[in-house]
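Everything on this sheet refers to the single structure shown next.
Computed from a predicted model, the values in this text were never measured in an experiment. Quick note: residue numbers are just sequence positions, from 1.
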Amino acid sequence: MSDSGTPAEGQARLDTGVAHNARVWNHWIGGTDNYEIDRRVGEHVAGMFPVIREVARADRDFLGRAVRFLAGERGVRQFLDLGTGLPSVDNTHEIAQRVAPEARIVYVDNDPLVLVHARKLLTSTPEGVTDYIEADVRDPASIVQRAANTLDFDRPVAVMMLGVLNFVLDTDEAREVVRDVMAAVPSDSFLVLTHPTFDADLGGEGNVPAMEFWNANATPPITARGRADVAAFFEGLDLLDPGLVPCSQWRPDADSPAVVPQFGAVAVKP
């Protein structure tokens with residue numbers, strides 16, 4: 001794991017004795033920015049819930065399709081990516097700036113390991129800008145205030161919330177987070193969201209024991225939600241076709257898995 005040139009304060013707060021979501025997720029998608037404890041817990045969860053690796057890959061692929069669609073077909077030039085996770089191949093800014101070199105991206109995360117690797121997220125085309133904010137998704141007012149140093153909130157913004165609201169355990173609080181962020185962006189802005197589910201028709205019932213194990217052995221605690229609760233995050237927004245579906249089935253590629261227990265959708269603010 002490379003950490004040269006990284007902020008000392010981020011290093012000081014790393015806890016390598018407890019599995020952490022960003023690092024376990026990195027392990028599931030084949031990354032190397034993780035520790036033995038992350039791999040051990042990740043493998044145990046995968047043994048309980050084998051589809052989790054497909055979920056991780058499908059979520060990442062959904063990110064690529066959604067950003068390409070918004071930057072290309074919808075002309076979006078600003079992205080606010082909440083719950084960034086560890087840098088990987090084809091991060092939001094790389095995908096967006098490949099389509100529109102002038103795109104501006106702000107990443108937000110509160111994981112110290114993401115802070116350690118934040119320099120990988122701060123590369124940009126000469127025409128565009130990328131920035132990184134260390135903040136908790138539960139503090140949307142601060143996020144919007146700080147993101148305004150890079151983004152113009154008088155122009156449309158794509159708000160990315162991929163696999164982040166599942167760490168806000170209280171559903172009312174999670175809805176409030178979405179409402180507050182979307183209230184700060186203008187009409188023709190977008191919400192891009194994924195969320196795990198326990199719905200049996202998507203094979204999500206295995207999420208329940210796997211998340212119970214996770215919450216007892218890793219951090220931060222996590223929850224799944226049913227379709228109705230996930231759909232409620234889009235209240236007041238207009239869902240784009242094909243609506244709220246398994247994230248693998250949102251405008252899928254030919255090799256996308258048929259179904260994963262992870263909802264995905266894109267909606268526009270009228």
Side-chain angles (χ1 to χ4, degrees), residues 1-3 10-11 13-63 82-89 91 109-117 136-138 161-171 174 193-227 229-230 246-249 255-264:
M1 181 180 303
S2 173
D3 56 17
Q11 286 278 25
R13 294 185 357 255
L14 289 180
D15 183 353
T16 61
V18 178
H20 194 285
N21 175 75
R23 303 190 308 247
V24 175
W25 195 263
N26 176 265
H27 169 63
W28 283 332
I29 63 173
T32 59
D33 291 318
N34 48 74
Y35 295 100
E36 181 181 353
I37 186 64
D38 306 306
R39 295 187 287 274
R40 188 161 65 242
V41 170
E43 288 304 307
H44 190 96
V45 171
M48 298 177 69
F49 191 48
V51 75
I52 190 61
R53 286 193 175 89
E54 281 191 24
V55 170
R57 288 191 292 269
D59 191 88
R60 194 74 192 176
D61 291 344
F62 169 85
L63 166 71
L82 302 169
T84 303
L86 286 165
S88 182
V89 176
N91 300 291
D109 209 295
N110 67 339
D111 180 352
L113 188 60
V114 178
L115 175 63
V116 164
H117 289 268
D136 194 304
V137 70
R138 297 171 183 83
M161 291 188 174
L162 274 64
V164 63
L165 292 176
N166 37 295
F167 297 107
V168 183
L169 302 187
D170 183 89
T171 298
L193 185 149
T194 63
H195 197 293
T197 184
F198 48 66
D199 285 3
D201 62 327
L202 301 186
E205 62 272 23
N207 255 326
V208 176
M211 287 184 174
E212 288 175 355
F213 173 83
W214 174 270
N215 290 345
N217 293 276
T219 189
I222 191 170
T223 189
R225 292 184 169 98
R227 178 182 293 271
D229 280 335
V230 177
C247 65
S248 55
Q249 291 301 288
D255 57 351
S256 296
V259 171
V260 293
Q262 177 103 333
F263 284 117

Extract all donor-acceptor atom pairs below 3.5 Å that involve side chains of residues 39-50 and protein atoms in other chains or at least two apart in sequence.
from, atom 1, to, atom 2, distance (Å)
Arg39, NH1, Asn34, O, 3.1
Arg39, NH1, Asn34, OD1, 2.7
Arg40, NH1, Glu36, OE2, 3.4
Glu43, OE1, Arg53, NH2, 3.0
Glu43, OE2, His27, NE2, 2.8
Glu43, OE2, Arg53, NH2, 2.2

In sequence, state the C-alpha distance, the side-chain angles, and the governing distance for Leu193 and Leu165, and then conclude on side-chain contact (heavy atoms from CB on, under 4.5 Å). CA-CA 9 Å; Leu193 185 149; Leu165 292 176; 3.5 Å; yes
Between [atom1] of [X] and [atom2] of [Y], what distance do you get to the nearest 0.5 Å?
X	Y	atom1	atom2	answer
Asn21	Asn166	CG	CG	7.5 Å
Trp28	Arg60	CH2	CZ	15.0 Å
Leu63	Leu162	CG	CG	5.5 Å
Glu205	Asp199	CD	CG	9.5 Å

Taking salt bridge (Lys or Arg N to Asp or Glu O under 4.0 Å) as the definition, give me every residue that meets it alongside Asp229, ordered by chain and number, with sequence neighbours left out.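 Listed in chain order: Arg175.
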I'd like to check the side-chain contact (heavy atoms from CB on, under 4.5 Å) partners of [X]; sequence neighbours left out, ordered by chain and number.
X	result
Asn217	Phe213
Thr223	Leu169, Arg225
Asp109	Thr84, Asp111, Val114, Tyr132

If you look at every heavy atom in [X] and [Y], which pair is closest and at what distance?
X	Y	value
Pro220	Phe167	CG-CD2, 3.5 Å
Ile37	Gly17	CG1-O, 3.9 Å
Gly204	Pro261	CA-CB, 3.6 Å
His20	Trp214	C-CH2, 3.9 Å
Asn26	Asp33	OD1-N, 2.8 Å
Pro246	Val259	CG-CG1, 4.2 Å

Is there a side-chain contact between Val168 and Val137, using heavy atoms and a 4.5 Å cut-off?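 In contact.
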Quick one: are Ser248 and Asp61 in side-chain contact, heavy atoms under 4.5 Å?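 SC-SC contact between Ser248 and Asp61 ruled out.
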So, using side-chain hydrogen bond (donor to acceptor under 3.5 Å, both in side chains) as the criterion, who are the partners of Arg227 when residues are at least two apart? none
